Novice: 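Below you will find the structure I want to go over with you.
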Amino acid sequence: MNKALLLMLFMVFYNGASSNGLGVGASSNGLGVGATVTTARPDVVNIGAIFTFDSVIGKIAKLAIALAVEDVNSDPQILNGTKLTLKMQNTKSSDFLGIIEALRFLENDTVAIIGPQFSATAHVISHIADELKVPLLSFAATDPTLSPTQFPFLVRTTRSDLFQMTAVADLVGYYEWRDVIAIYVNDDFGRNAIAALGDKLSEKRCKISYKVPLNPKATKDEITNALFSVSSMESTILILHIYTSWGLQVLTEARNLGMMAGEYVWIATDWFSTIIDTDPSLPFVSTDDIQGVLTLKMYTPESEIKKKFKLRWSNLTSARRVNGSSFGLNTYGLYAYDSVRHLAVALDSFFSRGGNISFSNDSNLNELRGGKLNLDALNMFNGGSQLLQSILEVNTTGLTGPIKFNPDGNLINPAFEVINVIGTGTRTIGYWSNSSGFSLDPPEKPQRKLQSNGSSTGTQRLYSVIWPGQTTQKPRGWVFPYNGRKLRIGVPNRVSYREFVGIKGTEFTGYCIEVFQAALNELPYAVPYKFVPFGDGKKNPENHELLHMIQIGEFDGVVGDITITTSRTKMVDFTQPYIESGLVVVAPVRKLNSNAWAFLRPFTPMMWGVTGIFFLVVGTVVWILERRTNEDFRGPPRKQFVTIIWFSFSTLFFSQKEKTGSTLGRFVLIIWLFVVLILNSSYIASLTSILTVEQLSSPVKGIESLATGSDPIGFLKGSFAENYLTDELNIHRSRLVSLNSPEEYEKALQDGPSAGGVAAVIDERAYMELFLSSRCGYSIVGQEFTKMGWGFAFPRDSPLAIDMSTAVLKLSEKGDLQKIHDKWLMKSACSAQGAKQAVDRLQIKSFWGLFLLSGIACFLALVLHVIRMVRQYYKHPDSDCESSQSRRLQSFVSFVNKREREVKSRPKRMRTEKASSKIVHGDSSINGLDESV
């Protein structure tokens with residue numbers, strides 16, 4: 001907006017204001033239109049204040065500002081002898097009068113203005129203040145869009161609604177509500193705050209589902225009509241951000257409409273706590289109107305100076321209370337008082353830095369001077385920028401706590417009390433601060449810090465709340481809208497598997513329908529609904545199209561055989577699955593009759609071969625380890641061969657008669673007997689199953705063999721199975737054959753791939769179990785290869801989806817879900833156990849660990865045995881280490897073939913013979929000596 005044109009518009013109405021004694025034609029210091037200068041620290045500084053005197057905030061601010069000026073002027077240490085001259089102007093709740101009064105101040109060399117009170121007024125006056133360099137210190141304009149970037153000369157000396165709306169959003173998130181309704185005054189103050197609330201709610205995945213703007217001067221009829229429209233909405237969480245002048249009337253009309261009880265939650269912003277502070281008797285006279293309301297209040301820490309001021313305030317206003325006028329001190333009064341003290345401290349700093357009070361013509365207004373607008377009196381404050389800097393640099397303590405601005409131009413440490421109206425009074429249930437979230441303790445105490453995502457590293461807490469209707473149970477936050485319309489629940493009009501969903505005229509039956517109705521009966525409230533068929537009844541409808549009807553608002557929910565998939569969860573919200581139904585493979589099977597060779601079937605041929613080889617290997621190893629020390633393993637070659645065979649296979653029954661004496665032989669045998677025990681037990685279990693349970697065989701063993709082959713595969717048309725097979729299993733689409741009914745399934749499976757049919761059909765287990773209940777020539781082969789389920793679908797963020805999920809879980813816990821399943825889906829004409837052959841035949845892959853363990857034991861025993869033999873051989877006297885290699889090998893084999901006791905007895909005999917020869921030789925020597933003598 002062009003500022004010059006804006007001023008022209010105001011001055012058209014402002015012309016002639018000199019009749020009040022403040023003529024525009026001359027400045028108050030007698031210097032006319034020219035510049036006025038005060039070079040030394042002045043004796044008097046002119047400041048102004050503009051607000052509405054008779055408002056809840058204004059009547060408190062008027063006395064608080066007067067007391068602040070009195071305290072500043074009575075304390076020479078603050079301004080060092082300079083006095084403040086205060087002029088207050090009543091805007092009478094009019095933005096236009098606020099602009100006029102601001103202009104009147106600016107013609108009288110006013111260096112700063114306390115106010116304005118209303119955000120809408122501040123938006124316009126800030127343009128004038130910016131042009132003429134006069135700081136505005138607003139103690140009540142909370143509009144979050146009044147930023148210092150756009151309005152540098154507007155200094156907000158109270159809390160921005162940005163922080164208050166953050167606290168409201170945190171409160172909604174704390175109680176896990178998702179949708180709210182915002183009732184607000186339709187001006188800058190209301191619209192911009194609610195816009196900030198919407199942004200903060202979206203960060204918590206919440207939203208404002210309905211907005212109710214009210215006229216700034218709303219009448220009773222307008223309020224009633226607005227509330228009546230709110231009563232027909234789904235959400236019952238009401239955020240009330242309006243003016244103190246008629247805010248209580250909204251709550252009174254809400255009570256008349258029955259909206260102050262039951263499921264409703266009222267969260268009022270600080271306008272409500274301001275009224276309560278100003279009129280402490282309010283909870284006693286309006287108990288029914290405000291019972292259970294939550295409200296926020298700007299938090300100001302307790303201090304000694306605050307206590308003294310409250311006592312002083314109480315003494316000053318006691319006479320007024322006797323006369324019947326309520327005059328309690330509210331938070332805005334504290335901020336108004338601190339605004340004056342704040343300005344005084346800044347002025348002292350301004351003068352200490354050499355600043356002076358001087359005004360000059362605004363060059364931008366030169367072309368508008370003269371004529372009937374009389375703009376000559378509007379001069380620019382030359383020291384305005386320096387004073388503004390001093391204001392922003394103030395760092396002191398006031399009644400409201402620390403007074404200091406952050407780089408964004410907001411007061412530091414924003415915090416709010418959370419108050420609950422109960423009985424005939426109020427109760428603080430906790431505190432909110434921008435740095436720590438909710439807490440039971442005041443914010444000045446050490447708090448946990450919020451993480452970057454807004455969550456706290458500790459548990460955020462509030463005391464319990466008494467909600468409207470005198471209940472302590474947290475309201476769920478929504479009801480079905482009372483507008484006479486029932487929920488439209490879409491139901492697929494299927495042509496097959498009517499046991500799940502069946503439609504006959506206006507009658508809807510089936511497993512899914514009965515589960516849905518049973519879940520509704522578990523809800524603590526009634527749900528008006530009607531079923532609406534979807535499809536022409538000639539072919540199964542596409543589930544994707546059915547869910548799309550929810551997206552476009554045609555249906556409020558869908559009940560049927562709807563599988564929960566990742567792509568579908570992006571379209572709608574599903575409840576907890578009420579039936580598991582993964583994909584399975586169904587193929588033709590044939591019976592395996594028992595015969596004379598049935599005892600061979602528990603093991604596969606490979607398993608039989610490996611087991612037999614290990615019997616021989618273990619027998620041979622034990623023979624090698626035992627033959628030098630055990631006579632049972634010695635004898636002619638034929639006997640030793642028979643011993644190996646007999647010993648090996650007798651271990652199968654633990655009946656071997658040969659005893660093992662060596663440590664290594666016992667080690668190998670213990671490991672092998674453990675292996676035999678496992679094999680024996682597994683064989684007996686498998687053979688028992690084969691002989692007692694009917695066996696089925698199919699060329700298709702499961703999804704793996706089907707995917708690697710080239711045979712055609714059938715699937716239900718419209719099922720998600722088609723995309724799963726092509727995208728996840730990389731099966732070429734040309735192999736897939738769409739089928740529409742169980743009859744087509746059966747025909748395609750009977751024909752087989754060679755006659756234009758399919759090798760197998762892939763569909764969900766729920767369908768296939770129903771299909772197999774009356775068709776004995778087919779069976780599920782392999783394992784279920786997906787884990788999915790069916791759920792009821794509702795629009796995104798629908799609270800009914802959450803409650804229905806809880807209801808489904810209750811049905812499951814009570815066993816009702818299984819009873820409904822048995823009623824509709826339990827048919828036992830044929831068994832659907834699946835092909836048992838591939839599962840019951842034991843394969844080598846199930847036992848390779850055991851065989852590996854036995855093999856390692858045999859290998860280690862042989863290695864240790866050979867090392868022991870080599871050491872014994874080289875220590876043996878008969879070892880021929882200097883002969884040729886062939887002779888040494890023959891000597892070693894001959895050594896190994898000897899008994900252990902023979903090897904050990906030979907050195908003893910040699911030592912005995914050597915000793916005897918020495919004795920004989922000694923006797924001969926003695927005899928010869930005797931003869932010579």
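Everything quoted here is computed from the prediction, not taken from an experiment.
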Novice: side-chain contact (heavy atoms from CB on, under 4.5 Å) for L238 and V230? Distances and angles first, verdict last.
Specialist: CA-CA 9 Å; L238 308 179; V230 169; 3.5 Å; yes

Novice: Quick one: pull up CG in L316 and CG in L67 and give me the separation to the nearest 0.5 Å.
Specialist: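 Reported value, rounded in 0.5 Å steps: 6.0 Å.
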
Novice: Taking T82 for the side chain and P42 for the main chain, is one N or O donor matched with an acceptor at less than 3.5 Å?
Specialist: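 Yes, the answer is positive, given that a donor and an acceptor are paired below the 3.5 Å cut-off.
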
Novice: Please confirm whether the ring centroid of F438 lies under 6.0 Å from the ring centroid of Y174.
Specialist: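 For F438 and Y174, the ring centres are under 6.0 Å apart.
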
Novice: How many angstroms lie between CG in D71 and CD1 in I78, if you round to the nearest 0.5 Å?
Specialist: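 The distance works out to 7.5 Å.
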
Novice: Could you tell me whether a side-chain N or O of R156 sits under 3.5 Å from a main-chain N or O of D143, the two making a donor and an acceptor?
Specialist: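 Answer holds: yes.
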
Novice: State whether a side-chain donor-acceptor pair under 3.5 Å links S55 with Q117.
Specialist: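 A pair is found: one side chain offers a donor N or O, the other an acceptor, under 3.5 Å apart.
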
Novice: Looking at S160 and F163, would you say the former's side chain and the latter's main chain have a donor-acceptor pair under 3.5 Å?
Specialist: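 Here the side-chain-to-backbone pair does not exist.
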
Novice: To the nearest 0.5 Å, what is the distance between CD (E417) and OG (S273)?
Specialist: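 It comes to 8.5 Å.
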
Novice: Test side-chain contact (heavy atoms from CB on, under 4.5 Å) on F51 and S93 and set out the steps.
Specialist: CA-CA 8 Å; F51 50 90; S93 300; over 6 Å; no

Novice: Run V250 and L227 through side-chain contact (heavy atoms from CB on, under 4.5 Å) and show every step you take.
Specialist: CA-CA 8 Å; V250 174; L227 291 177; 4.3 Å; yes

Novice: I'd like to know if the side chain of T400 and the backbone of Y335 have a donor-acceptor N/O pair within less than 3.5 Å.
Specialist: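 No: the side chain of T400 does not pair with the backbone of Y335.
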
Novice: Check whether any side-chain N or O of R191 sits under 3.5 Å from a backbone N or O of N186 as a donor-acceptor pair, and report yes or no.
Specialist: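 Here the side-chain-to-backbone pair exists.
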
Novice: Can you give me the closest heavy-atom contact between I65 and A49, atom names plus distance?
Specialist: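 Minimum heavy-atom contact is CD1-CB, 4.3 Å.
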
Novice: Measure the acute angle between the ring planes of H123 and F151, then classify it against the limits of 30° and 60° as parallel, tilted or perpendicular.
Specialist: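 Geometry flag for F151 against H123: perpendicular rings.
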
Novice: Do N330 and T274 have a side chain donor and acceptor closer than 3.5 Å?
Specialist: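 Not at all, the side chains of N330 and T274 share no donor-acceptor pair under 3.5 Å.
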
Novice: List the residues meeting side-chain hydrogen bond (donor to acceptor under 3.5 Å, both in side chains) with D187, not counting sequence neighbours, and say none if there are none.
Specialist: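 Once residues adjacent in sequence are excluded, the partners of D187 under the side-chain hydrogen bond (donor to acceptor under 3.5 Å, both in side chains) criterion are Y243.
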
Novice: Do you see a donor-acceptor pair shorter than 3.5 Å between the side chains of E444 and Y299?
Specialist: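 Present: a donor and an acceptor within the cut-off.
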
Novice: Is L106 close to N379 at the side-chain level, that is, under 4.5 Å between some pair of heavy atoms?
Specialist: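 Counting from C-beta outward, N379 and L106 never come under 4.5 Å.
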
Novice: Verify the ring-centre separation between F153 and H127: is it less than 6.0 angstrom?
Specialist: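 No: the rings miss the under 6.0 Å criterion.
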
Novice: Which heavy atom in A268 sits nearest to a heavy atom in V293, and how many Å separate them?
Specialist: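 Smallest heavy-atom distance, with atoms named: CB-CG1, 4.2 Å.
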
Novice: Heavy-atom count check: over 12 atoms from other residues, nucleotides or ligands less than 6.0 Å from K207 NZ?
Specialist: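 Enclosed.
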
Novice: Does the side chain of L79 come within less than 4.5 Å of V72's, by heavy atoms?
Specialist: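 Of all side-chain heavy-atom pairs linking L79 with V72, at least one is under 4.5 Å.
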
Novice: Run the numbers on T52 and T91 for side chain to side chain donor-acceptor pair (under 3.5 Å), then give the verdict.
Specialist: CA-CA 5 Å; T52 300; T91 62; 2.9 Å; yes

Novice: Is there a side-chain contact between T426 and I276, using heavy atoms and a 4.5 Å cut-off?
Specialist: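 Touching, per the 4.5 Å side-chain cut-off.
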
Novice: Can you tell me if W266 uses its side chain to pair, donor with acceptor, with the backbone of M259 under 3.5 Å?
Specialist: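 Checked: pair present.
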
Novice: When you compare the side chains of E393 and Q389, does any donor N or O come within less than 3.5 Å of an acceptor on the partner?
Specialist: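 Checked: E393/Q389 side chains pair up, N/O donor to acceptor below 3.5 Å.
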
Novice: Over all heavy atoms of both residues, which pair between M233 and I181 is shortest? Give the atoms and the distance, please.
Specialist: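 So the minimum-distance heavy-atom pair works out to CB-CD1, 3.5 Å.
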
Novice: Can you tell me if D199 uses its side chain to pair, donor with acceptor, with the backbone of S202 under 3.5 Å?
Specialist: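 Checking the backbone N and O of S202 against the side chain of D199, no donor-acceptor pair under 3.5 Å is found.
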
Novice: Is any side-chain heavy atom of V421 closer than 4.5 Å to one of F272?
Specialist: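 Result yes, sub-4.5 Å side-chain heavy-atom pair found.
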
Novice: Compute whether any side-chain donor of one residue and acceptor of the other, for K306 and T300, lie under 3.5 angstrom apart.
Specialist: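 A pair is found: one side chain offers a donor N or O, the other an acceptor, under 3.5 Å apart.
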
Novice: Could you check N256 against T252 for side-chain contact (heavy atoms from CB on, under 4.5 Å), going step by step and ending with a plain yes or no?
Specialist: CA-CA 6 Å; N256 294 336; T252 301; 4.2 Å; yes

Novice: Taking all atoms of both residues into account, what is the closest heavy-atom pair of N382 and S360, and its distance?
Specialist: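 Scanning both residues, the minimum pair turns out to be OD1-OG, 2.7 Å.
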
Novice: Answer yes if the side chains of T110 and N46 hold a donor-acceptor pair under 3.5 Å, and no otherwise.
Specialist: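 No, no side-chain donor-acceptor contact under 3.5 Å.
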
Novice: Starting at CZ of R255, measure out to CD of Q291 and round the result to the nearest 0.5 Å.
Specialist: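 Those atoms lie 12.0 Å apart.
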
Novice: Which residues pass the salt bridge (Lys or Arg N to Asp or Glu O under 4.0 Å) test with K83, not counting sequence neighbours?
Specialist: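 K83 satisfies salt bridge (Lys or Arg N to Asp or Glu O under 4.0 Å) with no other residue.
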
Novice: Please report the closest heavy-atom contact between L86 and G48, naming both atoms and the distance.
Specialist: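 Closest approach of L86 to G48: CD1-C, 4.2 Å.
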
Novice: With H342 as reference, evaluate T396, I391, I114 under the side chain to side chain contact (heavy atoms under 4.5 Å, CB included) test and give the passing residue.
Specialist: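 Result: among T396, I391, I114, I391 is the only option passing the side chain to side chain contact (heavy atoms under 4.5 Å, CB included) with H342.
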
Novice: Answer yes or no: is there a side-chain heavy-atom contact under 4.5 Å between D270 and Q164?
Specialist: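 In contact.
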
Novice: Distance alone, cut at 3.5 Å: any donor-acceptor contact between the side chains of S339 and T157?
Specialist: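 The criterion, which ignores hydrogens and geometry beyond distance, is satisfied for T157 and S339.
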
Novice: If you measure only the distance, is there a donor-acceptor pair under 3.5 Å linking the side chains of D188 and S119?
Specialist: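 No donor-acceptor contact under 3.5 Å links the two side chains.
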
Novice: So, does S314 use its side chain to make a donor-acceptor pair with the main chain of L311 at under 3.5 Å?
Specialist: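 Judged by distance alone, no pair lies under 3.5 Å.
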
Novice: After noting the C-alpha distance and the side-chain angles of K297 and D277, does the key distance pass the salt bridge (Lys or Arg N to Asp or Glu O under 4.0 Å) rule?
Specialist: CA-CA 10 Å; K297 175 183 176 181; D277 287 342; 3.2 Å; yes

Novice: Identify, with sequence neighbours excluded, every residue that meets salt bridge (Lys or Arg N to Asp or Glu O under 4.0 Å) alongside E222.
Specialist: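 With sequence neighbours excluded, E222 shows a salt bridge (Lys or Arg N to Asp or Glu O under 4.0 Å) to no residue whatsoever.
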
Novice: What do the steps show when you test E302 against K310 for salt bridge (Lys or Arg N to Asp or Glu O under 4.0 Å), and what is the final call?
Specialist: CA-CA 11 Å; E302 293 298 325; K310 282 185 175 181; 3.7 Å; yes

Novice: Give a yes or no on whether the ring-centroid distance for Y337 and F309 is below 6.0 angstrom.
Specialist: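 Aromatic pair counts; centres sit under 6.0 Å.
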
Novice: Check whether any side-chain heavy atom of L240 lies under 4.5 Å from a side-chain heavy atom of I242, and answer yes or no.
Specialist: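 Yes - at least one pair of side-chain heavy atoms lies under 4.5 Å apart.
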
Novice: Taking atom types as modelled and ignoring hydrogens, do the side chains of S209 and D179 form a donor-acceptor contact shorter than 3.5 angstrom?
Specialist: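 There is no such pair between these side chains.
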
Novice: Would K204 and D170 pass as an ion pair if we require N to O under 4.0 Å?
Specialist: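 Yes, K204 and D170 are salt-bridged.
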
Novice: Is the positively charged end of K62 above the ring of F53, judged by distance under 6.0 angstrom from the centroid and angle within 45° of the axis?
Specialist: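 That pair qualifies as a cation-pi contact.
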
Novice: Taking the side chain as every heavy atom from C-beta outward, state whether L162 and N410 have any pair of such atoms under 4.5 Å apart.
Specialist: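 Of all side-chain heavy-atom pairs linking N410 with L162, none is under 4.5 Å.
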
Novice: Sub-3.5 Å donor-acceptor pair from the side chain of T224 to the main-chain atoms of E253, do we have one?
Specialist: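 Checking the backbone N and O of E253 against the side chain of T224, no donor-acceptor pair under 3.5 Å is found.
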
Novice: Does any N or O in the side chain of D338 come within less than 3.5 Å of the main-chain N or O of L399, such that one atom is a donor and the other an acceptor?
Specialist: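 It does hold such a pair.
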
Novice: Can you tell me how far the CD1 atom of I267 sits from the CG atom of L296, to the nearest 0.5 Å?
Specialist: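 Separation between the atoms: 8.0 Å.
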
Novice: Can you tell me how far CZ of F416 sits from CG of N434, rounded to the nearest 0.5 angstrom?
Specialist: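 Between N434 CG and F416 CZ, I get 9.5 Å after rounding to 0.5 Å.
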
Novice: Can you find a heavy atom in the side chain of L294 that is under 4.5 Å from one in the side chain of I419?
Specialist: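 Not touching, per the 4.5 Å side-chain cut-off.
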
Novice: Taking all non-hydrogen atoms of both residues, which atom of W432 and which atom of A167 are closest, and how far apart?
Specialist: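 Reported closest heavy-atom pair: CD2-CB, 3.5 Å.
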
